Structure formats: structure tokens, C-alpha cells
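Start at 1 and go down the list; that is how both ligands and their atoms are numbered. Keep in mind it's a predicted model, so treat the numbers as computed, not measured. Quick note: numbers below take in every heavy atom, side chains included, and nothing from hydrogens, waters or symmetry partners.
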Amino acid sequence: MSKKIHIFDTTLRDGEQVPGAKLNKRQKIEIAQQLANLRVDVIEAGFPCSSPGDLDAVREISRQVEGPVIAALARAVKEDIDIAWQAVREAKRPRIHVFLGSSDIHIQKKLRSDRDKALEMAVGAVKYAKSLCDEIEFSTEDGSRTDFEFLCRIIDETIKAGACVINVPDTVGYALPEEFGSLIAKLRQSVPSLDRVLLSVHCHNDLGLAVANSMAAIRNGADQVECTINGIGERAGNASLEEIVMVLKTRSENYQAQTSIDTREIYRTSRMVSRIMNIPVQPNKAIVGSNAFSHSSGIHQDGVLKDRTTYEIMKPEELGIKQQTIVLTARSGRAALRHRLQELGFTLEAQIFERVYNRFIDVADRKKEINALDLQSIVEIEVSKVPETYKMHSIQIMSGNKMVPLASVTLERDGQLYTDAATGNGPVDAVFKGIERITGVPGKLRDYDLKAVTMGTDALGEAMVRVEMGDDIYSGIGSSPDVIEASARAYLNACNRYFANGGATGIQNPGDINC
Ligand code: KIV
Ligand code: ZN
């Protein structure tokens with residue numbers, strides 16, 4: 001009989017710990033809603049004691065998002081547990097997730113304590129959390145490096161104290177698959193009370209083994225896996241949700257286990273998380289990378305044309321990757337665009353549809369054919385736009401191998417046009433400096449990524465930036481058939497996020513004003 005593996009998604013908590021990936025409330029709700037469409041079993045929505053903003057976002061997710069259990073993380077202290085409970089108490093199915101370091105390294109070096117005191121602290125915290133909430137998960141942080149006897153003891157005692165999910169993390173990504181699998185099997189044999197609760201694992205990817213370790217754990221008795229979309233997370237990240245789910249689906253006979261995930265939502269969720277968090281997906285990433293289903297060698301192409309199963313073990317459609325048969329052109333009207341968007345699963349409010357249409361016409365004028373991936377990029381960028389303090393009007397670039405690149409930039413603000421020019425190390429640098437001169441906000445570029453959305457020299461370029469402005473890092477995304485314009489749009493998007501977040505507008509440009 002096939003066993004159900006519970007998928008605990010921690011994109012909004014462990015994933016959000018990636019530097020620069022901090023989300024606002026609206027963005028967290030948007031992702032949580034999509035995780036519910038994906039049918040994850042648990043959404044770990046945040047670590048509410050980390051900031052009032054996170055408390056607010058987790059509370060709103062608890063109110064609005066139905067289906068999955070909504071969990072909030074708390075250290076094993078009363079204040080954290082109280083705040084976590086405030087955040088999830090309005091959820092239909094709330095869970096408080098309490099954690100405490102259980103390895104000697106963590107107990108002695110981090111907590112400056114000893115095993116007995118740590119045990120007492122864990123039991124006290126679980127009992128207290130249980131007095132507030134029915135569903136308590138307890139995590140033995142650094143579980144894979146914890147003394148086995150002590151691990152059994154802390155697990156058994158926290159189950160007696162009321163935990164109904166026990167999570168054993170490989171916090172530092174140190175474990176090997178055989179080792180981690182046998183740890184789970186030994187725990188099952190040595191702690192009979194584990195049969196009354198769900199046994200969970202949480203693997204990090206420092207040695208690139210997070211998914212392999214999670215799979216070994218499933219084979220040896222784990223009921224729940226904790227993972228993130230695109231494998232994002234602390235340092236090298238967490239186990240990737242889409243990889244675990246597709247291993248279980250594609251090789252189900254080897255695991256006798258399945259999940260409730262609607263795999264047709266995987267690609268959309270991956271794109272959404274990458275776009276909102278501004279963390280590009282590497283092209284060769286398993287399952288969701290842009291090359292995951294593209295065949296470049298002649299022999300492979302020949303095989304796939306004869307029969308897809310020669311070189312494909314999964315169907316792109318299973319992941320919700322749409323076929324690119326229909327293309328639109330600048331002559332396609334609103335009705336054709338609306339029809340195609342509906343086919344791709346986008347139903348847009350009238351106002352957003354108009355923005356998408358205008359952008360579509362602008363891009364289609366310059367790029368002959370607009371296919372599904374182009375449209376997806378245009379829609380995703382328009383849907384996620386923050387209020388635009390400054391709008392892109394036009395840019396002009398002069399660049400060459402024997403000249404200093406020069407950019408002239410015109411932005412629109414409150415109906416007025418502002419123009420300024422700047423030189424730079426390259427055309428992108430020049431255009432960013434031009435924008436900076438107009439907005440008056442100095443920015444330090446922390447990250448810049450540019451990729452082609454589709455194949456061919458006329459492909460739509462998609463740029464992602466992360467810019468330090470004031471005390472924070474703001475991300476931005478932009479697309480255009482012209483890569484300099486895509487970069488400028490991304491930079492401007494980051495500036496507008498800064499303004500939407502209350503950032504000061506800066507000194508007005510002393511340059512030309514064309515009314
Ligand atoms: O990696 C880890 O140990 C964690 C715990 C808080 C579950 O993220
Ligand atoms: Zn973690």
C-alpha cells in the first residue's frame with residue numbers, strides 16, 4: 001500500500017532567510033496562496049517573533065489561506081511561543097513549531113547549557129505551546145549531529161509533553177544518505193512513541209545531498225519532509241520540494257509513497273517564487289530549470305522527435321509547463337490576447353489586463369512573435385508591480401568598444417518628464433547612473449542577472465537586480481527585447497519598491513525637464 005508523505009513547505013520561513021529575499025505582507029500572501037493551490041500539507045509561514053512585520057504577515061496568511069496547516073516557528077521560550085500563537089491562532093488548522101538545539105555543539109556553544117537543562121527547556125516549551133494550540137511540532141535542531149541516546153530521550157520526552165510531529169533536521173547539511181536513512185530507521189526502532197506521531201526530516205544542502213538525504217529518510221520511515229520551492233534557503237539552501245515530489249511520482253514503485261501535490265502547479269510556483277524573491281533558477285536545475293526539457297544535441301533531438309520517451313522521463317505538462325505552439329503578434333487584438341492568457345491559466349482584472357496589453361503591444365512591435373514564455377514573463381512582471389513613483393519613458397544609449405558609454409534617460413513622474421544623462425563603465429552602468437541622477441537615490445548594485453526568456457537572437461531578455469538603497473536591499477525585475485532596457489526596467493522596479501516602502505524620494509534632478 002502506498003504511504004502518504006506530508007509536504008511541509010518552509011519557503012516563507014527558511015527560504016526567506018536568504019539575504020535580500022525578505023518579502024512584504026502582500027508578497028507572502030501571494031506565495032502562500034499559490035502553495036495552497038499546489039496542495040502542500042503545511043505552510044511554515046514565518047518566524048513571527050523575528051519582526052512585527054512577519055507577525056502581521058503570518059497572521060494575515062492564517063486568516064486568508066485555506067487548505068494547508070499554517071505553522072509558525074518559535075524558539076523554546078515563552079515569548080516566542082506566545083507571539084507564534086498570536087500569529088496562527090486564526091488559522092483553521094494552526095501549528096506551533098518549537099525548536100531547540102540538541103547536539104552538544106549547539107547546547108554547549110550556542111545555548112551555553114547542558115543536556116539536562118536543554119531537555120527541561122524543550123519539555124517545558126512543548127507543554128506550554130500545547131496549552132495554547134493542539135498541533136505542536138518539535139524540532140531537534142542539529143539532530144543529525146546529536147548524540148543518539150540523547151536524541152531518543154528528547155524525542156520521547158517531547159512526545160509525552162504533547163508534540164504530535166517530531167522533526168529531525170540535518171541543520172548543517174552534514175549527513176550522508178546511508179547515514180541519515182539509518183538514523184531514521186534506528187529512531188523508529190528505539191523510540192516506540194514515534195508511532196503515535198508524525199516523524200519529519202528537514203535537510204540542508206551544504207554538500208548537495210538535501211534531496212538524497214530526504215529520500216533516504218522517506219525510505220526508512222519518515223512521514224513528513226520539510227522543503228522549499230527551488231530549494232532556496234539558508235546558505236546552500238534546503239531540500240527542493242519539486243525534486244522530492246517528482247522523485248516520488250516518477251519512481252513511485254521504489255518508495256511505495258505518494259504526496260498530495262498537484263504537480264501541474266509546480267512550474268508556476270517555481271516561477272512565482274523566483275520572481276517575487278528575485279532569486280534566479282539556475283538553467284540546469286532539475287525539474288524547473290529552463291534547460292530541464294530542452295534537448296540540444298542532434299542525437300537527442302532526433303530521438304525526442306521520434307518518441308519523447310527516448311530522452312524524457314517526465315512530461316513537461318505534468319509540471320504545468322505549457323506547450324509553445326500558438327504565437328501572438330503585434331496584430332493580435334485584445335480578444336486573442338485574453339483568450340491566450342486564459343489558456344495559460346491567467347485571469348486578470350481589467351486594469352492589469354490593460355497594462356499587460358500595452359506592454360504586449362510594445363514588445364510585439366519589436367519582437368515579431370510572442371510565445372507562451374514571453375507572455376508569462378510580461379504578465380508576471382505586470383502583476384507584481386508596485387505603485388510606480390517613476391515610470392520608464394525612454395532611454396538612448398551610445399556605446400562602442402572605443403568610447404565611454406553614454407546613456408540618456410527620461411522618466412515620468414506625476415505626468416512630468418525628467419531627463420538626465422550619465423556615463424558609465426558599460427551601457428548598463430551608464431543607464432543605472434542616469435536613473436540614479438533623476439531619482440536622487442544612490443544605489444549600490446548587489447546582484448545582476450540577465451537571461452533570455454526564449455531561444456533566438458530576438459528573444460525577450462529578463463533582468464533581475466538587487467540594489468542596496470538606504471538601509472535595505474530592494475529587488476527588481478524587468479523584461480524587453482532590448483537587454484539594456486530590460487536592465488533599466490529592473491533597476492527602476494527596485495527604485496519603485498524602495499519608494500513604496502517609504503524611502504525618501506531624494507533630491508530632484510537638476511537636469512532638463514521636458515513638459
Ligand atoms: O535547519 C534547521 O534546523 C531549522 C530548524 C528551525 C527546523 O531550520
Ligand atoms: Zn533549516
(request) Mind checking whether Asp14 contacts ligand 1 via backbone (N, CA, C, O), side chain (CB onward), both or neither, at a 4.0 Å heavy-atom cut-off? (result)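 For Asp14, only side-chain atoms sit under 4.0 Å from ligand 1.
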
(request) Check each heavy atom of Glu234 against ligand 1 and say whether those closer than 4.0 Å belong to the side chain, the backbone, both or neither. (result)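 Looking at Glu234 and ligand 1, no heavy atom falls under 4.0 Å.
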
Look at [X] together with [Y] and state whether they make a salt bridge at an N to O cut-off of under 4.0 Å.
X	Y	answer
Lys22	Glu16	yes
Lys385	Glu388	yes
Lys110	Glu141	yes
Glu253	Arg251	yes

(message) When you compare ligand 1 with Glu226, is there at least one nitrogen or oxygen pair between them that comes in under 3.5 angstrom?
(response)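 Between Glu226 and ligand 1 (N or O atoms, distance only) the closest approach is not under 3.5 Å.
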
(message) If you measure every N or O of His204 against every N or O of ligand 1, does any of those distances drop under 3.5 Å?
(response)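 N/O-N/O distance under 3.5 Å: yes.
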
(message) Using a 6.0 Å distance limit plus a 45 degree cone around the ring axis, check whether Arg75 lies over the aromatic ring of Phe47.
(response)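 Not satisfied by the 6.0 Å and 45° rule.
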
(message) Do Arg466 and Tyr474 form a cation-pi contact, if we require the NZ or CZ to be under 6.0 Å from the six-membered ring centre and within 45 degrees of the ring's axis?
(response)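 Output no; distance or angle outside limits.
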
(message) Regarding Glu234, does it place an N, O or S atom less than 2.8 Å from the Zn ion (ligand 2)?
(response)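 So Glu234 does not bind the Zn ion (ligand 2) by this criterion.
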
At what distance is the nearest protein heavy atom to [atom], and which residue and atom is it?
atom	value
atom 8 (O) of ligand 1	Arg13 NH2, 2.9 Å
atom 3 (O) of ligand 1	Thr171 OG1, 2.7 Å
atom 4 (C) of ligand 1	His202 NE2, 3.5 Å
atom 7 (C) of ligand 1	Ser139 OG, 3.7 Å

So if I count the atoms of ligand 1 from 1 in the order they appear, which ones are less than 4.0 Å from some heavy atom of [X]?
X	value
Glu141	3 (O)
Pro169	3 (O)
Phe99	6 (C)

(request) Please examine the side chains of Gln27 and Asn24, heavy atoms only from C-beta on, and report whether any two atoms are closer than 4.5 Å. (result)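 SC-SC contact between Asn24 and Gln27 confirmed.
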
(request) Name whichever N, O or S atom of Asp14 ends up nearest to the Zn ion (ligand 2). (result)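 Considering only N, O and S atoms, Asp14 comes nearest to the Zn ion (ligand 2) through OD2.
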
(message) Classify the ring geometry of His97 against Phe8: parallel below 30°, tilted from 30° to 60°, perpendicular beyond 60°.
(response)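 Perpendicular, since the angle between the ring planes exceeds 60°.
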
(message) Please check if the number of heavy atoms outside Lys92 that lie under 6.0 Å from its NZ is greater than 12.
(response)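 Count not over threshold, so no.
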
